[in-house]
There are 2 protein chains.
Amino acid sequence: MRNIDTDKEQAIFQAALRLIQQEGFAGLKMSILAKEAQMAAGTIYLYFKSKEDLINRLYITLKRRSAKSFLKGYDPKAPFMEGFELIWQNFLDTNLANPEESAFLEQYYRSPYLDKTVQDEADQLVAPVFELLERGKRERLVKEAPTEMLVAQLTGFVAALTQLHASGGLTMTAAFKNAALAMAWDGVKR
Amino acid sequence: MRNIDTDKEQAIFQAALRLIQQEGFAGLKMSILAKEAQMAAGTIYLYFKSKEDLINRLYITLKRRSAKSFLKGYDPKAPFMEGFELIWQNFLDTNLANPEESAFLEQYYRSPYLDKTVQDEADQLVAPVFELLERGKRERLVKEAPTEMLVAQLTGFVAALTQLHASGGLTMTAAFKNAALAMAWDGVKR
DNA sequence: AAAGATAATGAATAAATATTCATTCACAAA
DNA sequence: TTTGTGAATGAATATTTATTCATTATCTTT
């Protein structure tokens with residue numbers, strides 16, 4: 001039996017990310033995508049019902065992967081600071097290591113292509129971070145600011161850093177990562 | 001003489017922003033734009049050579065307006081802290097007051113439509129912020145982190161806050177603005 | 001108020017792009 | 001070697017969207 005597994009699908013995902021990175025949002029044309037993924041245009045339609053389907057599946061796949069990655073090793077019962085550092089470092093590393101995916105998730109957030117169900121699941125995936133920060137407030141370790149605001153500073157910072165790193169504006173060495181952690185923590189700490 | 005001034009142009013700009021806000025990046029279709037701006041499709045082409053021209057002029061117009069707005073009253077010779085607070089507050093207020101413009105500037109940054117010259121001018125407009133933070137480092141008031149990183153935290157935070165505020169996730173009252181200033185300053189201060 | 005000039009219209013056309021499907025290909029079983 | 005079957009192709013078609021331009025409307029000048 002031929003291999004109908006995810007090989008081709010993955011190739012399409014990869015190529016789509018590369019194109020979005022290179023050409024931006026508007027650069028994702030099915031014909032170009034086919035060329036980049038080294039297959040015929042029609043082949044894409046064996047794996048995806050439509051462009052919309054492609055975008056949605058790519059989005060949720062990456063969002064899940066991202067969430068899994070930055071929650072790796074996270075134990076809600078461990079001390080707050082341990083959890084904070086773990087998630088922060090995971091989050092930064094995940095984004096730095098996958099700038100194309102990161103940019104995609106940023107760019108397609110609230111695109112007309114995305115189904116509401118997909119956006120809702122995406123929100124669910126981030127919930128543990130909210131819970132951790134709320135716990136931090138209860139334990140008097142974190143500022144008494146709205147959780148959304150705390151999250152905004154952390155995610156906004158990571159997004160901006162990732163973009164900077166990817167564009168070659170700044171190479172994130174280990175020393176710089178430490179500096180970033182200090183900045184992130186100083187921003188939210190009580 | 002008929003009024004060929006900026007009335008129609010402004011209407012087109014406004015409608016374009018509204019559409020980008022509502023439908024996202026991909027939702028900017030010339031025919032829909034014409035309807036939204038309450039004019040015929042052809043009329044747009046009396047004011048803009050092409051869609052690309054429209055995007056570029058909208059982008060640079062908004063970027064200039066934004067820079068002018070967040071540098072308003074800024075005196076490079078005033079004490080550091082005064083400059084920092086002024087720019088931060090201006091920047092946050094400017095973005096909160098113009099979430100559509102803010103989102104547009106975010107979304108179209110490095111779109112394939114944007115001319116390099118436009119992007120370059122955009123970078124120039126932000127230069128005073130870099131200079132201020134470098135001075136802060138020299139005066140030992142600001143962390144010894146790369147300036148790009150400091151800027152990343154500040155702009156990333158504002159971008160995320162603006163998006164949050166615009167989507168109704170959090171209303172930025174005066175108290176919350178103070179909290180945000182504290183978070184921003186704690187993040188970069190030495 | 002007529003003529004001339006400028007602005008606006010929107011249906012028609014051009015251009016770009018998504019999608020289909022008749023055909024070919026690659027492999028496996030007989 | 002032949003035949004069957006799912007996978008892949010890519011030119012052809014459908015669809016969507018940008019742009020044009022002949023026509024109409026609106027204003028200005030005399």
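What you see is a predicted model, and the numbers here were worked out from it, not measured in a lab. Naming: A, B, ... by sequence-line order, numbering from 1 per chain.
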Next item on the list: With sequence neighbours excluded, tell me which residues meet side chain to side chain contact (heavy atoms under 4.5 Å, CB included) with B:Thr147.
Entry: B:Phe130, B:Leu133, B:Glu134, B:Lys137, B:Val151
Notebook entry, point to check: Only one of A:Lys63, A:Arg64, A:Lys116 clears side-chain hydrogen bond (donor to acceptor under 3.5 Å, both in side chains) with A:Glu121; which?
Noted result: A:Arg64
Next item on the list: Identify which nucleotide among D:dT19, C:dT17, D:dA7 has an atom closest to any side-chain atom of A:Lys29, counting heavy atoms from C-beta outward.
Entry: C:dT17
Next item on the list: Could you tell me the separation between the CD1 atom of B:Ile12 and the P atom of D:dT19, rounded to a whole number of Å?
Entry: 13 Å
Notebook entry, point to check: Quick one: A:Lys35 NZ to D:dA11 P, roughly how many Å, whole number?
Noted result: 11 Å
Note to self: Expressed as a whole number of angstroms, how long is the span from B:Leu33:CG to D:dT19:C1'?
What the structure shows: 14 Å
Item checked: N or O in side chain of B:Thr43 less than 4.0 angstrom from C:dT9 OP1/OP2 -> yes
Note to self: How many whole angstroms separate atom CG of B:Asp53 from atom C1' of D:dT19?
What the structure shows: 14 Å
Check: To the nearest angstrom, how far is A:Tyr47 atom OH from D:dG6 atom P?
Finding: 14 Å
Notebook entry, point to check: Of the options B:Ser102, B:Ser69, B:Ser66, which is the one that meets B:Thr94 in a side-chain hydrogen bond (donor to acceptor under 3.5 Å, both in side chains)?
Noted result: B:Ser69
Next item on the list: When you get a sec, tell me which of C:dT19, D:dT9, C:dA8 is the closest nucleotide to the side chain of A:Met30?
Entry: C:dT19
Notebook entry, point to check: Of the nucleotides C:dT19, C:dA8, D:dT19, which has the atom closest to the B:Lys8 side chain?
Noted result: C:dA8
Notebook entry, point to check: What do you reckon, are the aromatic ring centroids of B:Phe13 and B:Phe48 less than 6.0 Å apart?
Noted result: yes
Margin query: Both B:Met39 and A:Gly42 contact DNA chain C. Which one's nearest nucleotide lies toward the 5' end?
Written below: B:Met39
Next item on the list: Would you mind reading off the distance between B:Leu28 atom CG and C:dA16 atom C1', rounded to a whole angstrom?
Entry: 16 Å
Note to self: Between P on C:dT19 and CD1 on A:Ile44, what's the gap in Å once rounded to a whole number?
What the structure shows: 10 Å
Item checked: Minimum-distance nucleotide to A:Tyr45 side chain [options: C:dT9, C:dA8, C:dT20] -> C:dT20
Note to self: Heavy atoms from C-beta onward define the side chain here; which of D:dA8, C:dA7, D:dA18 lies closest to that of B:Lys51?
What the structure shows: D:dA18
Check: Can you tell if the side chain of B:Leu161 reaches within under 4.5 Å of the side chain of B:Phe176, non-hydrogen atoms only?
Finding: no
Notebook entry, point to check: B:Ala41 side chain: which of C:dT9, D:dA7, D:dT19 is closest?
Noted result: D:dT19
Notebook entry, point to check: B:Leu46 CG to C:dT9 C1': how many Å, rounded?
Noted result: 9 Å
